[in-house]
Amino acid sequence: MNYLFWECTTRCNLKCLHCGSDCSRDSSHPDMPLEDFLAALDTIKDPAENFIVVLSGGEPLLRRDLERCGREIRNRGMRWGMVTNGHLYSRERHMALLNAGMGALTISLDGLQDSHDWLRNTPGSFTRVGSAIELAASSPRLNFDVVTCVNRRNYSELQQILEFLVRKGVKAWRLFTITPIGRAKGRQELFLSDSELKGMLDFITDIRKKNIIDVKFSCEGYVGRYELKVRDTPFFCRAGINIGSVLIDGSISACPNIDRDFVQGNIYKDDFYRIWESGFAPFRDRSWTRTGPCADCKDYRDCLGNGLHNWQTGRNEVLVCHKRMLDRFQR
Amino acid sequence: MALKRNWARGIIGGLSFTSALFVFQACYGTPQDMMDDFLVEGKVTSKSTGHPIRDIRVSVADDGQFVHTNSLGKFGFYTAWRENMILQFNDVDAAANGSYASRDTVLNDLSDRVYVDIALEEK
(Lines give C-alpha, C1' and ligand atoms only; values in the text may rest on other atoms or scores of the structure.)
Protein backbone atom coordinates (compact mmCIF):
# COMPACT_ATOMS: atom_id res chain seq x y z
CA MET A 1 0.00 0.00 0.00
CA ASN A 2 1.26 3.45 -0.77
CA TYR A 3 -2.00 5.36 -1.11
CA LEU A 4 -4.48 5.67 1.75
CA PHE A 5 -7.74 7.58 1.67
CA TRP A 6 -9.03 8.96 4.93
CA GLU A 7 -12.70 9.90 4.83
CA CYS A 8 -12.12 12.37 7.63
CA THR A 9 -15.58 13.94 7.52
CA THR A 10 -18.86 13.41 5.71
CA ARG A 11 -20.00 16.94 6.45
CA CYS A 12 -20.16 19.10 3.35
CA ASN A 13 -20.87 22.75 2.64
CA LEU A 14 -22.22 22.03 -0.85
CA LYS A 15 -25.01 19.72 -2.01
CA CYS A 16 -23.73 18.49 -5.33
CA LEU A 17 -26.18 16.73 -7.63
CA HIS A 18 -23.65 13.99 -8.43
CA CYS A 19 -22.24 13.30 -4.97
CA GLY A 20 -21.16 9.66 -4.79
CA SER A 21 -20.94 9.79 -1.02
CA ASP A 22 -24.35 11.39 -0.52
CA CYS A 23 -22.79 13.83 1.97
CA SER A 24 -24.76 16.63 3.62
CA ARG A 25 -24.40 19.64 5.87
CA ASP A 26 -25.67 17.64 8.84
CA SER A 27 -23.94 14.33 8.51
CA SER A 28 -25.17 11.58 10.80
CA HIS A 29 -21.53 10.65 11.41
CA PRO A 30 -19.32 12.84 13.57
CA ASP A 31 -15.86 13.58 12.14
CA MET A 32 -13.41 10.83 12.98
CA PRO A 33 -11.10 11.98 15.81
CA LEU A 34 -7.53 12.42 14.58
CA GLU A 35 -6.19 10.15 17.30
CA ASP A 36 -8.36 7.25 16.11
CA PHE A 37 -7.03 7.57 12.59
CA LEU A 38 -3.42 7.92 13.77
CA ALA A 39 -3.75 4.73 15.81
CA ALA A 40 -4.69 2.90 12.60
CA LEU A 41 -1.94 4.63 10.63
CA ASP A 42 0.65 3.63 13.22
CA THR A 43 -0.04 -0.06 12.58
CA ILE A 44 1.51 0.25 9.11
CA LYS A 45 4.93 -1.35 9.14
CA ASP A 46 7.67 0.29 7.07
CA PRO A 47 5.49 2.59 4.96
CA ALA A 48 6.79 3.26 1.45
CA GLU A 49 8.85 6.40 0.99
CA ASN A 50 6.17 8.08 -1.12
CA PHE A 51 3.26 6.79 0.99
CA ILE A 52 0.47 9.35 0.83
CA VAL A 53 -2.62 9.90 2.93
CA VAL A 54 -5.38 11.62 0.95
CA LEU A 55 -7.99 13.39 3.04
CA SER A 56 -11.41 13.24 1.46
CA GLY A 57 -14.98 13.69 2.52
CA GLY A 58 -17.34 15.36 2.63
CA GLU A 59 -15.34 18.54 2.57
CA PRO A 60 -12.04 18.26 4.50
CA LEU A 61 -11.76 22.06 4.89
CA LEU A 62 -14.72 21.94 7.28
CA ARG A 63 -12.45 20.30 9.84
CA ARG A 64 -10.96 22.96 12.07
CA ASP A 65 -8.10 20.65 13.01
CA LEU A 66 -7.21 19.90 9.38
CA GLU A 67 -3.76 21.48 9.65
CA ARG A 68 -3.02 19.49 12.80
CA CYS A 69 -4.17 16.31 11.03
CA GLY A 70 -1.82 17.02 8.14
CA ARG A 71 1.13 17.91 10.33
CA GLU A 72 0.76 14.75 12.41
CA ILE A 73 0.75 12.65 9.24
CA ARG A 74 3.79 14.46 7.81
CA ASN A 75 5.62 14.22 11.14
CA ARG A 76 5.34 10.44 10.73
CA GLY A 77 7.28 10.71 7.46
CA MET A 78 4.19 10.18 5.30
CA ARG A 79 2.99 12.54 2.58
CA TRP A 80 -0.47 14.00 2.60
CA GLY A 81 -2.90 15.66 0.23
CA MET A 82 -6.54 16.62 0.00
CA VAL A 83 -9.48 16.56 -2.38
CA THR A 84 -11.61 19.69 -1.97
CA ASN A 85 -14.46 21.62 -3.59
CA GLY A 86 -12.36 24.75 -2.96
CA HIS A 87 -15.23 26.77 -1.47
CA LEU A 88 -13.35 27.50 1.78
CA TYR A 89 -9.84 27.54 0.34
CA SER A 90 -8.72 31.00 1.41
CA ARG A 91 -5.24 32.55 1.24
CA GLU A 92 -4.79 32.00 4.99
CA ARG A 93 -5.85 28.37 4.77
CA HIS A 94 -3.59 27.82 1.76
CA MET A 95 -0.57 29.04 3.71
CA ALA A 96 -1.46 27.09 6.85
CA LEU A 97 -1.88 23.87 4.87
CA LEU A 98 1.43 24.32 3.07
CA ASN A 99 3.11 24.95 6.41
CA ALA A 100 1.59 21.70 7.67
CA GLY A 101 3.31 19.82 4.86
CA MET A 102 0.53 19.41 2.32
CA GLY A 103 2.13 18.27 -0.93
CA ALA A 104 -0.78 17.29 -3.18
CA LEU A 105 -4.10 18.91 -3.88
CA THR A 106 -7.06 18.30 -6.15
CA ILE A 107 -9.82 20.84 -6.70
CA SER A 108 -13.08 20.15 -8.50
CA LEU A 109 -14.27 22.42 -11.29
CA ASP A 110 -17.31 21.18 -13.12
CA GLY A 111 -17.81 23.68 -15.88
CA LEU A 112 -18.16 27.37 -16.57
CA GLN A 113 -20.19 29.47 -14.15
CA ASP A 114 -23.74 28.23 -14.85
CA SER A 115 -22.92 24.56 -15.32
CA HIS A 116 -20.54 24.44 -12.34
CA ASP A 117 -22.97 26.18 -9.99
CA TRP A 118 -25.77 23.91 -11.26
CA LEU A 119 -23.88 20.67 -10.60
CA ARG A 120 -22.52 21.96 -7.30
CA ASN A 121 -26.05 23.09 -6.51
CA THR A 122 -24.69 26.29 -4.96
CA PRO A 123 -24.80 29.75 -6.57
CA GLY A 124 -21.45 31.54 -6.36
CA SER A 125 -19.47 28.33 -6.13
CA PHE A 126 -17.72 28.94 -9.47
CA THR A 127 -16.29 32.28 -8.34
CA ARG A 128 -14.94 30.78 -5.16
CA VAL A 129 -13.42 27.74 -6.80
CA GLY A 130 -11.78 30.03 -9.37
CA SER A 131 -9.94 31.85 -6.57
CA ALA A 132 -8.95 28.56 -4.97
CA ILE A 133 -7.55 27.26 -8.25
CA GLU A 134 -5.52 30.43 -8.74
CA LEU A 135 -4.03 30.13 -5.25
CA ALA A 136 -3.17 26.47 -5.62
CA ALA A 137 -1.68 26.94 -9.08
CA SER A 138 0.60 29.67 -7.73
CA SER A 139 2.37 27.26 -5.39
CA PRO A 140 5.41 25.49 -6.85
CA ARG A 141 5.36 23.17 -3.83
CA LEU A 142 2.01 21.57 -4.61
CA ASN A 143 1.45 18.70 -6.96
CA PHE A 144 -1.90 20.12 -7.96
CA ASP A 145 -4.57 19.20 -10.46
CA VAL A 146 -8.13 20.12 -11.33
CA VAL A 147 -10.79 17.47 -11.88
CA THR A 148 -13.92 17.91 -13.94
CA CYS A 149 -16.91 15.62 -13.94
CA VAL A 150 -18.06 15.74 -17.52
CA ASN A 151 -21.82 15.59 -17.99
CA ARG A 152 -24.38 16.59 -20.60
CA ARG A 153 -24.41 20.25 -19.54
CA ASN A 154 -20.67 20.94 -19.52
CA TYR A 155 -19.71 18.60 -22.36
CA SER A 156 -19.88 21.41 -24.92
CA GLU A 157 -17.74 23.69 -22.70
CA LEU A 158 -14.60 21.56 -22.56
CA GLN A 159 -12.57 23.87 -24.80
CA GLN A 160 -13.60 26.93 -22.78
CA ILE A 161 -12.84 25.20 -19.49
CA LEU A 162 -9.40 24.35 -20.85
CA GLU A 163 -8.79 27.99 -21.73
CA PHE A 164 -9.98 29.08 -18.28
CA LEU A 165 -7.58 26.67 -16.58
CA VAL A 166 -4.63 27.69 -18.74
CA ARG A 167 -5.33 31.34 -17.86
CA LYS A 168 -5.28 30.40 -14.17
CA GLY A 169 -1.88 28.73 -14.56
CA VAL A 170 -3.10 25.16 -14.06
CA LYS A 171 -0.69 22.50 -15.29
CA ALA A 172 -2.75 19.31 -14.87
CA TRP A 173 -6.40 18.50 -15.59
CA ARG A 174 -8.23 15.21 -15.09
CA LEU A 175 -11.59 14.42 -16.64
CA PHE A 176 -14.18 12.02 -15.25
CA THR A 177 -17.57 10.82 -16.21
CA ILE A 178 -20.23 10.44 -13.53
CA THR A 179 -21.09 6.99 -12.22
CA PRO A 180 -24.77 6.34 -11.36
CA ILE A 181 -24.17 5.82 -7.65
CA GLY A 182 -25.05 7.88 -4.56
CA ARG A 183 -27.06 11.00 -5.33
CA ALA A 184 -26.31 10.74 -9.06
CA LYS A 185 -28.40 7.60 -9.46
CA GLY A 186 -31.36 8.13 -11.80
CA ARG A 187 -30.37 11.63 -13.02
CA GLN A 188 -29.99 11.05 -16.74
CA GLU A 189 -28.69 14.56 -17.50
CA LEU A 190 -25.53 13.67 -15.59
CA PHE A 191 -24.52 10.76 -17.80
CA LEU A 192 -22.78 11.11 -21.15
CA SER A 193 -24.23 9.39 -24.17
CA ASP A 194 -22.08 6.93 -26.12
CA SER A 195 -21.17 9.58 -28.69
CA GLU A 196 -20.38 12.16 -25.99
CA LEU A 197 -18.04 9.73 -24.25
CA LYS A 198 -16.22 9.23 -27.55
CA GLY A 199 -16.21 13.00 -28.12
CA MET A 200 -14.66 13.62 -24.72
CA LEU A 201 -11.94 11.02 -25.34
CA ASP A 202 -11.25 12.53 -28.78
CA PHE A 203 -10.95 15.94 -27.11
CA ILE A 204 -8.45 14.60 -24.56
CA THR A 205 -6.46 12.84 -27.29
CA ASP A 206 -6.30 16.02 -29.32
CA ILE A 207 -5.24 18.28 -26.43
CA ARG A 208 -2.58 15.80 -25.32
CA LYS A 209 -1.03 16.01 -28.77
CA LYS A 210 -0.94 19.81 -28.55
CA ASN A 211 0.81 19.67 -25.17
CA ILE A 212 -1.08 22.68 -23.80
CA ILE A 213 -1.78 21.14 -20.41
CA ASP A 214 -1.28 17.70 -18.86
CA VAL A 215 -4.83 16.51 -19.50
CA LYS A 216 -5.91 12.94 -18.95
CA PHE A 217 -8.94 10.73 -18.55
CA SER A 218 -9.16 9.47 -14.98
CA CYS A 219 -8.46 5.83 -14.24
CA GLU A 220 -12.18 5.26 -13.64
CA GLY A 221 -12.56 2.76 -16.47
CA TYR A 222 -11.13 0.86 -19.39
CA VAL A 223 -11.56 2.62 -22.74
CA GLY A 224 -10.34 0.07 -25.29
CA ARG A 225 -8.55 1.62 -28.24
CA TYR A 226 -8.25 4.95 -26.41
CA GLU A 227 -5.97 3.43 -23.76
CA LEU A 228 -2.52 5.12 -23.86
CA LYS A 229 -4.04 7.93 -25.94
CA VAL A 230 -5.90 9.50 -23.03
CA ARG A 231 -3.60 8.57 -20.14
CA ASP A 232 0.10 8.01 -19.51
CA THR A 233 -0.49 4.43 -18.39
CA PRO A 234 -3.09 1.83 -19.34
CA PHE A 235 -6.13 1.27 -17.16
CA PHE A 236 -5.54 -0.71 -14.00
CA CYS A 237 -7.89 -0.42 -11.01
CA ARG A 238 -5.55 -0.33 -8.02
CA ALA A 239 -8.27 -0.42 -5.36
CA GLY A 240 -7.18 -2.82 -2.64
CA ILE A 241 -3.85 -3.44 -4.39
CA ASN A 242 -1.99 -0.20 -3.71
CA ILE A 243 -4.96 1.80 -2.45
CA GLY A 244 -6.64 1.44 0.93
CA SER A 245 -9.02 3.58 2.93
CA VAL A 246 -10.27 4.34 6.40
CA LEU A 247 -13.89 5.42 6.09
CA ILE A 248 -15.86 7.73 8.36
CA ASP A 249 -17.16 4.95 10.64
CA GLY A 250 -13.78 3.25 10.84
CA SER A 251 -14.49 0.81 8.03
CA ILE A 252 -11.43 -0.48 6.18
CA SER A 253 -11.78 -0.57 2.43
CA ALA A 254 -10.21 0.79 -0.76
CA CYS A 255 -11.46 3.86 -2.68
CA PRO A 256 -14.29 5.58 -0.76
CA ASN A 257 -16.69 5.37 -3.72
CA ILE A 258 -16.64 1.56 -3.72
CA ASP A 259 -19.79 -0.18 -2.48
CA ARG A 260 -19.66 -0.46 1.32
CA ASP A 261 -20.39 -4.18 1.07
CA PHE A 262 -16.71 -4.58 0.13
CA VAL A 263 -15.60 -3.38 3.57
CA GLN A 264 -12.89 -5.66 4.98
CA GLY A 265 -12.85 -4.71 8.65
CA ASN A 266 -13.02 -1.78 11.05
CA ILE A 267 -10.21 0.11 12.78
CA TYR A 268 -12.24 0.15 16.01
CA LYS A 269 -12.01 -3.63 16.31
CA ASP A 270 -9.28 -4.76 13.90
CA ASP A 271 -5.58 -4.10 13.41
CA PHE A 272 -5.64 -1.98 10.24
CA TYR A 273 -2.46 -3.30 8.69
CA ARG A 274 -3.21 -6.90 9.51
CA ILE A 275 -6.48 -6.54 7.59
CA TRP A 276 -4.59 -4.95 4.71
CA GLU A 277 -2.17 -7.85 4.58
CA SER A 278 -4.58 -10.71 5.13
CA GLY A 279 -7.90 -9.45 3.74
CA PHE A 280 -8.88 -7.77 0.48
CA ALA A 281 -9.30 -11.05 -1.43
CA PRO A 282 -12.08 -9.75 -3.74
CA PHE A 283 -9.91 -6.77 -4.63
CA ARG A 284 -6.85 -8.86 -5.46
CA ASP A 285 -8.50 -11.71 -7.30
CA ARG A 286 -10.97 -10.14 -9.72
CA SER A 287 -11.98 -13.41 -11.40
CA TRP A 288 -15.44 -13.06 -9.81
CA THR A 289 -16.08 -10.09 -12.12
CA ARG A 290 -16.00 -12.39 -15.15
CA THR A 291 -19.75 -12.49 -15.33
CA GLY A 292 -22.53 -10.93 -17.42
CA PRO A 293 -21.14 -9.10 -20.43
CA CYS A 294 -17.61 -9.43 -18.99
CA ALA A 295 -17.80 -13.24 -19.24
CA ASP A 296 -16.89 -13.45 -22.90
CA CYS A 297 -15.36 -10.01 -23.46
CA LYS A 298 -12.17 -10.24 -25.50
CA ASP A 299 -10.70 -7.27 -23.61
CA TYR A 300 -11.26 -8.78 -20.16
CA ARG A 301 -7.53 -9.31 -19.54
CA ASP A 302 -6.88 -5.61 -19.99
CA CYS A 303 -9.96 -4.46 -18.09
CA LEU A 304 -10.60 -7.02 -15.31
CA GLY A 305 -14.18 -5.85 -14.84
CA ASN A 306 -13.54 -2.10 -15.02
CA GLY A 307 -13.18 0.08 -11.90
CA LEU A 308 -14.39 -1.67 -8.76
CA HIS A 309 -16.73 1.22 -7.95
CA ASN A 310 -18.79 -0.14 -10.85
CA TRP A 311 -19.71 -3.26 -8.91
CA GLN A 312 -22.60 -3.23 -6.48
CA THR A 313 -24.36 -5.76 -4.33
CA GLY A 314 -27.32 -7.37 -6.02
CA ARG A 315 -26.02 -6.72 -9.52
CA ASN A 316 -24.33 -9.50 -11.39
CA GLU A 317 -22.80 -7.29 -13.98
CA VAL A 318 -20.70 -4.18 -14.24
CA LEU A 319 -22.63 -0.93 -13.77
CA VAL A 320 -20.82 1.03 -16.48
CA CYS A 321 -18.72 -0.43 -19.28
CA HIS A 322 -16.93 2.38 -21.11
CA LYS A 323 -15.69 -0.06 -23.74
CA ARG A 324 -19.23 -1.20 -24.54
CA MET A 325 -20.36 2.43 -24.89
CA LEU A 326 -17.58 3.10 -27.37
CA ASP A 327 -18.31 -0.11 -29.30
CA ARG A 328 -22.02 0.72 -29.42
CA PHE A 329 -21.25 4.09 -30.93
CA GLN A 330 -19.00 2.57 -33.57
CA ARG A 331 -21.71 0.14 -34.67
CA MET B 1 -1.72 -1.58 -30.35
CA ALA B 2 -2.91 -4.56 -28.28
CA LEU B 3 0.65 -5.85 -28.04
CA LYS B 4 1.92 -2.46 -26.89
CA ARG B 5 -0.84 -2.32 -24.28
CA ASN B 6 -0.16 -5.81 -22.96
CA TRP B 7 3.54 -5.05 -22.70
CA ALA B 8 2.89 -1.88 -20.70
CA ARG B 9 0.27 -3.60 -18.56
CA GLY B 10 2.65 -6.42 -17.75
CA ILE B 11 5.28 -4.04 -16.49
CA ILE B 12 2.84 -1.94 -14.50
CA GLY B 13 1.08 -4.96 -13.01
CA GLY B 14 4.41 -6.40 -11.86
CA LEU B 15 5.58 -3.13 -10.45
CA SER B 16 2.38 -2.59 -8.52
CA PHE B 17 3.17 -5.44 -6.17
CA THR B 18 6.90 -4.97 -5.89
CA SER B 19 7.73 -1.30 -6.17
CA ALA B 20 6.71 1.39 -3.77
CA LEU B 21 8.21 4.03 -6.02
CA PHE B 22 5.83 3.54 -8.92
CA VAL B 23 3.79 6.69 -9.50
CA PHE B 24 0.06 6.43 -9.98
CA GLN B 25 -3.08 8.29 -9.10
CA ALA B 26 -6.21 6.92 -7.47
CA CYS B 27 -9.12 7.81 -9.71
CA TYR B 28 -10.89 9.99 -7.14
CA GLY B 29 -7.79 11.09 -5.25
CA THR B 30 -4.95 13.57 -5.60
CA PRO B 31 -1.74 13.11 -7.55
CA GLN B 32 1.11 11.64 -5.54
CA ASP B 33 3.65 13.95 -3.93
CA MET B 34 7.21 13.21 -4.96
CA MET B 35 8.84 16.54 -4.07
CA ASP B 36 11.58 16.78 -1.45
CA ASP B 37 10.65 18.96 1.47
CA PHE B 38 11.92 19.51 4.97
CA LEU B 39 10.81 20.82 8.34
CA VAL B 40 12.15 24.16 9.56
CA GLU B 41 11.64 24.84 13.27
CA GLY B 42 13.06 27.39 15.60
CA LYS B 43 12.69 30.07 18.18
CA VAL B 44 12.96 33.86 18.01
CA THR B 45 14.15 35.79 21.05
CA SER B 46 15.15 39.34 21.94
CA LYS B 47 18.91 39.85 21.80
CA SER B 48 18.84 42.22 24.77
CA THR B 49 16.47 40.37 27.14
CA GLY B 50 16.51 36.81 25.85
CA HIS B 51 12.73 36.73 25.99
CA PRO B 52 10.73 35.05 23.24
CA ILE B 53 9.08 37.35 20.69
CA ARG B 54 5.64 36.56 19.35
CA ASP B 55 4.19 37.43 15.92
CA ILE B 56 7.50 37.70 14.12
CA ARG B 57 6.92 36.82 10.49
CA VAL B 58 9.29 34.05 9.38
CA SER B 59 9.34 33.73 5.60
CA VAL B 60 11.16 31.94 2.82
CA ALA B 61 12.81 34.43 0.45
CA ASP B 62 11.54 34.39 -3.16
CA ASP B 63 8.76 31.98 -2.28
CA GLY B 64 5.99 33.74 -0.37
CA GLN B 65 5.64 31.02 2.24
CA PHE B 66 5.54 32.35 5.78
CA VAL B 67 4.52 31.61 9.35
CA HIS B 68 4.34 33.68 12.55
CA THR B 69 6.00 32.89 15.86
CA ASN B 70 3.71 31.92 18.73
CA SER B 71 3.67 33.27 22.28
CA LEU B 72 6.77 31.19 23.07
CA GLY B 73 8.61 32.68 20.09
CA LYS B 74 8.46 29.31 18.36
CA PHE B 75 7.70 28.50 14.74
CA GLY B 76 7.72 25.45 12.52
CA PHE B 77 6.75 24.72 8.93
CA TYR B 78 7.39 22.35 6.06
CA THR B 79 8.78 23.81 2.87
CA ALA B 80 10.21 22.65 -0.44
CA TRP B 81 13.84 21.68 -0.27
CA ARG B 82 16.28 24.05 -1.95
CA GLU B 83 19.97 24.82 -1.68
CA ASN B 84 21.02 27.78 0.42
CA MET B 85 17.58 28.80 1.51
CA ILE B 86 17.24 32.31 2.88
CA LEU B 87 14.97 32.65 5.89
CA GLN B 88 13.75 36.15 6.69
CA PHE B 89 12.61 37.41 10.10
CA ASN B 90 10.48 40.54 10.14
CA ASP B 91 8.64 42.40 12.86
CA VAL B 92 5.32 43.09 11.16
CA ASP B 93 3.04 43.96 14.11
CA ALA B 94 4.34 47.51 14.61
CA ALA B 95 5.11 48.08 18.32
CA ALA B 96 2.63 45.52 19.66
CA ASN B 97 5.32 43.13 20.93
CA GLY B 98 8.27 45.52 20.90
CA SER B 99 10.11 46.76 17.81
CA TYR B 100 12.85 44.64 16.31
CA ALA B 101 15.18 44.97 13.35
CA SER B 102 14.72 42.54 10.47
CA ARG B 103 17.22 39.79 9.93
CA ASP B 104 17.99 37.24 7.21
CA THR B 105 19.79 33.98 7.65
CA VAL B 106 20.97 31.44 5.09
CA LEU B 107 20.24 27.79 5.73
CA ASN B 108 22.62 25.39 4.09
CA ASP B 109 23.60 21.79 4.71
CA LEU B 110 19.91 20.97 4.98
CA SER B 111 18.69 17.64 6.27
CA ASP B 112 15.03 16.70 6.55
CA ARG B 113 14.73 18.76 9.74
CA VAL B 114 16.45 22.02 10.64
CA TYR B 115 16.33 23.97 13.89
CA VAL B 116 17.09 27.71 13.92
CA ASP B 117 17.54 29.92 16.97
CA ILE B 118 17.49 33.62 16.10
CA ALA B 119 18.01 36.65 18.33
CA LEU B 120 16.70 39.98 17.04
CA GLU B 121 18.04 43.37 18.02
CA GLU B 122 15.65 45.97 19.34
CA LYS B 123 15.27 49.05 17.19
Side-chain angles (χ1 to χ4, degrees), chain A residues 2-3 5 20 47-52 54 56 71 74-75 77 79-83 95-96 98-106 138-145 147 172 174 176 216 218-221 225 227-228 233-239 241-243 254-257 301-302 307 309, chain B residues 1-42 57-70 74-82 85 87 111-113:
Chain A
N2 56 0
Y3 201 107
F5 281 103
E49 193 182 336
N50 62 337
F51 187 104
I52 186 165
V54 175
S56 71
R71 193 176 285 261
R74 192 73 193 99
N75 285 348
R79 311 291 184 133
W80 75 278
M82 171 179 72
V83 180
M95 191 56 65
L98 285 177
N99 289 340
M102 181 172 72
L105 180 66
T106 292
S138 71
S139 169
R141 168 66 189 94
L142 285 178
N143 196 353
F144 164 61
D145 74 354
V147 296
R174 221 167 353 134
F176 287 85
K216 56 172 79 86
S218 82
C219 61
E220 68 179 60
R225 65 185 184 282
E227 290 291 324
L228 294 182
T233 54
F235 172 72
F236 186 72
C237 174
R238 296 178 175 279
I241 295 170
N242 304 98
I243 303 169
C255 302
N257 59 343
R301 257 192 75 210
D302 290 330
H309 60 277
Chain B
M1 182 63 185
L3 268 178
K4 191 177 167 191
R5 241 181 10 234
N6 288 340
W7 174 81
R9 234 184 92 79
I11 290 178
I12 288 157
L15 278 171
S16 66
F17 290 103
T18 57
S19 169
L21 291 174
F22 182 67
V23 181
F24 67 94
Q25 195 164 13
C27 53
Y28 292 96
T30 68
Q32 284 186 294
D33 171 27
M34 309 298 285
M35 190 180 280
D36 288 331
D37 68 349
F38 70 113
L39 176 62
V40 186
E41 293 174 297
R57 179 181 161 125
V58 184
S59 55
V60 180
D62 305 321
D63 181 287
Q65 193 175 351
F66 65 89
V67 70
H68 290 96
T69 56
N70 65 16
K74 292 185 173 177
F75 66 92
F77 63 99
Y78 285 91
T79 189
W81 189 92
R82 70 209 83 189
M85 191 179 91
L87 212 53
S111 61
D112 58 355
R113 193 168 186 153

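Excluded from the calculations below are hydrogen atoms, water molecules and symmetry mates; all remaining heavy atoms, backbone and side chain alike, are included. Treat the numbers as computed from the prediction; the structure is a model and nothing was measured.
With hydrogens and angles ignored, the 3.5 Å screen pairs a side-chain donor or acceptor of A:E227 with a backbone N or O of A:F235.
For A:L98, the parts lying under 4.5 angstrom from a heavy atom of chain B are both the backbone and the side chain. Heavy atoms of A:M102 lying under 4.5 Å from chain B are absent altogether.
Among all heavy-atom pairs drawn from A:G103 and B:D33, the shortest one is CA-OD2, 3.4 Å.
Counting heavy-atom pairs closer than 4.5 Å to chain B, the top residue among A:H309, A:R71, A:E220, A:R174 is A:R174. Interface check for chain B: of the options A:A254, A:S218, A:C219, A:C255, the most heavy-atom pairs under 4.5 Å are formed by A:C219. With chain B as partner, the option from A:D145, A:L142, A:L105 having the largest number of non-hydrogen pairs under 4.5 angstrom is A:D145. Listed options A:V83, A:V54, A:N99 were ranked by heavy-atom pairs under 4.5 angstrom with chain B; first place goes to A:N99.
Between B:K74 and B:E41 there is no salt bridge, since none of the side-chain N atoms of the basic residue sits less than 4.0 Å from a carboxylate O of the acidic one.
Residues B:F77 and B:D37 have side chains not in contact (no heavy-atom distance under 4.5 Å, counting atoms from C-beta outward).
A distance of 6.5 Å separates CZ of B:R113 from OH of B:Y78, quoted to the nearest 0.5 Å.
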